[in-house]
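Notes for the one structure printed next.
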Amino acid sequence: MSILVVGSVAFDSIETPHGSVDHCLGGAATHFALAASYFTQVRVIAVVGEDFTPQHEKVLTDRGIDTKGLERAPGLSFHWTGSYVGNLNEAKTLGTDLNVFETFEPKIPAAYADSEYLFLANIDPVLQARVRSEMKDVRMVCGDTMNYWIADHRESLLKVLKGLDVLLINDGEAKMLSGEQNLMKAASKVMAMGPRILVVKHGEYGATAFFCDRSFLGASSISMPFRAPALPLEEVVDPTGAGDSFAGGFYGYLASQPEFTPAVFRSAMFYGGVMGSFAVERFGTERLQSVSREEIEARFQLFREISHLE
Ligand code: AMP
């Protein structure tokens, strides 16, 4: 099974209480693809500039990620500057240099047309919608977004939400998108915008999945949510990409399974937490480049143990 992801491949300059890094490889699609690559085949659509070297691409191809859809354009790659000093749970964006993303027109290689799963990572919703419209026959569409698009590009975002099966956002974004402070009310309003499943990430506190039940007199109501824990970690070096890595573990695991049962879905929530917990242990994508399957399974067992009731 293949996941096609469209999103940012970027350079990040990050400051956390543990130090800072300048122009390390990042981007929503990069973190997602690396995390998902431990479970299934991943194909990437993004644009990079002349500062993106073969060594950077090798980080992806070493994990078996298909980079045929990585376009090279004259100029510099997308560059994001963020700080977590003061709040490890929420990035403060200090700078967003779109660079080559400003004129990006996603092109889907013919070899990607048979992808079964589509992930619309954090990127301009206009671009997300374009890729969605060209991938009509996928089995499932899952998407992400961020406060910037919710605040300033709402109309385009609402069009994307209509075509999603699953939306993954953090709790602040769910509240911002819905205008509701209560999580249940926020979830209900967000799901009325399109997605039938909503996964709300709570940073270091785990994630909650909400399921839409549209069978009830045609109205949309939500059934009992499912909450997965996060692993309490002694040291969080860099939270950048935790959300995308959660999404990669979650969606990668789902795509690797023959059918979607409630048990498979619950395990996917745990695998999301597992990959998010690895991502934050080092700056940038460093940790996600070298996790082993054994480490993933061992951590999955830890997740089971910390949330098991006899
Ligand atoms: P996360 O920490 O999982 O929410 O995502 C962090 C990643 O999102 C970083 O690697 C950034 O390069 C990327 N990012 C930040 N702002 C944007 C944006 N406006 N559009 C696309 N990607 C972004």
Side-chain angles (χ1 to χ4, degrees), residues 5-16 21-36 44-49 51-52 56 59-60 76-84 87-102 104 106 119-128 131 143-153 156-157 160 167-174 176 199-204 207 230 236-251 272-273 275-288:
V5 53
V6 59
S8 54
V9 171
F11 289 114
D12 291 343
S13 297
I14 308 158
E15 190 187 6
T16 83
V21 287
D22 188 33
H23 281 81
C24 71
L25 179 63
T30 309
H31 293 288
F32 173 88
L34 286 170
V44 181
I45 294 188
V47 64
V48 290
D51 48 355
F52 190 86
H56 294 121
V59 169
L60 298 171
L76 294 175
S77 304
F78 177 83
H79 176 224
W80 177 75
T81 308
S83 171
Y84 296 88
N87 185 2
L88 270 175
N89 251 339
E90 202 180 320
K92 185 168 170 208
T93 295
L94 302 176
T96 301
D97 308 313
L98 288 177
N99 298 330
V100 292
F101 255 110
E102 216 151 348
F104 178 46
F119 187 74
L120 306 171
N122 179 22
I123 194 179
D124 185 338
V126 171
L127 302 181
Q128 291 181 318
V131 173
D144 187 8
T145 190
M146 70 182 290
N147 49 10
Y148 174 70
W149 308 115
I150 297 170
D152 298 338
H153 297 256
S156 320
L157 181 62
V160 173
L167 173 67
L168 281 129
I169 47 178
N170 66 38
D171 36 26
E173 292 159 354
M176 189 176 175
V199 178
V200 178
K201 297 165 285 177
H202 311 293
E204 63 177 310
V236 174
V237 172
D238 172 19
T240 312
D244 303 311
S245 305
F246 179 99
F250 166 83
Y251 208 33
M275 299 315 286
S277 74
F278 282 121
V280 303
E281 288 180 350
R282 301 269 193 289
F283 272 103
T285 57
E286 191 187 330
R287 188 68 177 102
L288 282 189

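For this chain, numbers begin at 1 and follow the sequence in order. Indexing begins at 1, ligand by ligand and atom by atom, following the structure's order. Every heavy atom of this structure was used, including side-chain atoms; hydrogens, water molecules and symmetry mates were not. Treat the numbers as computed from the prediction; the structure is a model and nothing was measured.
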Counting heavy atoms under 4.0 Å, the part of Ala242 that contacts ligand 1 is backbone
Quick note on ligand 1: atoms under 4.0 Å from a heavy atom of Thr240 include exactly 2 (O), 6 (C), 9 (C), 10 (O)
| Ile169 and Thr145, any side-chain heavy atoms less than 4.5 Å apart | yes
closest protein heavy atom to atom 23 (C) of ligand 1 is Asn122 ND2, 3.6 Å
min-distance protein heavy atom vs atom 2 (O) of ligand 1 -> Gly241 N, 2.7 Å
Report the relative orientation of the aromatic rings in Phe119 and Phe32; use parallel for angles under 30°, tilted for 30 to 60°, perpendicular for over 60°. parallel
Closest to atom 12 (O) of ligand 1 among protein heavy atoms sits Asp12 OD1, 2.7 Å
Candidates Phe32, Phe11, Tyr148, Phe78; heavy atom nearest atom 20 (N) of ligand 1 found on Phe78
Would you say that Tyr84 contacts Glu90 through its side chain, given a criterion of any heavy-atom pair below 4.5 Å between the two side chains? no
of all protein heavy atoms, closest to atom 15 (C) of ligand 1 is Trp80 CD1, 3.4 Å
Parallel, tilted or perpendicular: rings of His153 and Trp149 (30°, 60°): perpendicular
heavy-atom search around atom 19 (N) of ligand 1 in the protein gives Met146 SD, 3.6 Å
The residue among Thr93, Thr96, Thr240 that forms side chain to side chain donor-acceptor pair (under 3.5 Å) with Trp80 is Thr93
The residue among Val100, Ile45, Thr30, Val47 that forms side-chain contact (heavy atoms from CB on, under 4.5 Å) with Val9 is Thr30
If you scan protein heavy atoms around atom 1 (P) of ligand 1, the nearest is Asp244 OD2, 3.4 Å
re atom 8 (O) of ligand 1, the protein heavy-atom contact at minimum distance is Ala28 N, 4.0 Å
Taking the side chain as C-beta and beyond, is there a heavy-atom pair between Asn170 and Val200 under 4.5 Å? no
Original post:
Any side-chain heavy atom of Phe52 within less than 4.5 Å of one from Leu25?
Top reply: yes
Ligand 1 to Ala10, heavy atom cutoff 4.0 Å, flagged ligand atoms 12 (O)
So the atoms of ligand 1 within less than 4.0 Å of a heavy atom of His31 turn out to be 10 (O)
heavy-atom search around atom 22 (N) of ligand 1 in the protein gives Ser8 OG, 2.8 Å
task = Answer yes or no: is there a side-chain heavy-atom contact under 4.5 Å between Pro125 and Val160?
result = yes
- Please determine if Gly27 has a nitrogen or oxygen closer than 3.5 Å to a nitrogen or oxygen of ligand 1. yes
Counting from 1 in the order shown, the ligand 1 atoms closer than 4.0 Å to a non-hydrogen atom of Gly243 are 3 (O)
Check whether any side-chain heavy atom of Tyr251 lies under 4.5 Å from a side-chain heavy atom of Val5, and answer yes or no.
no
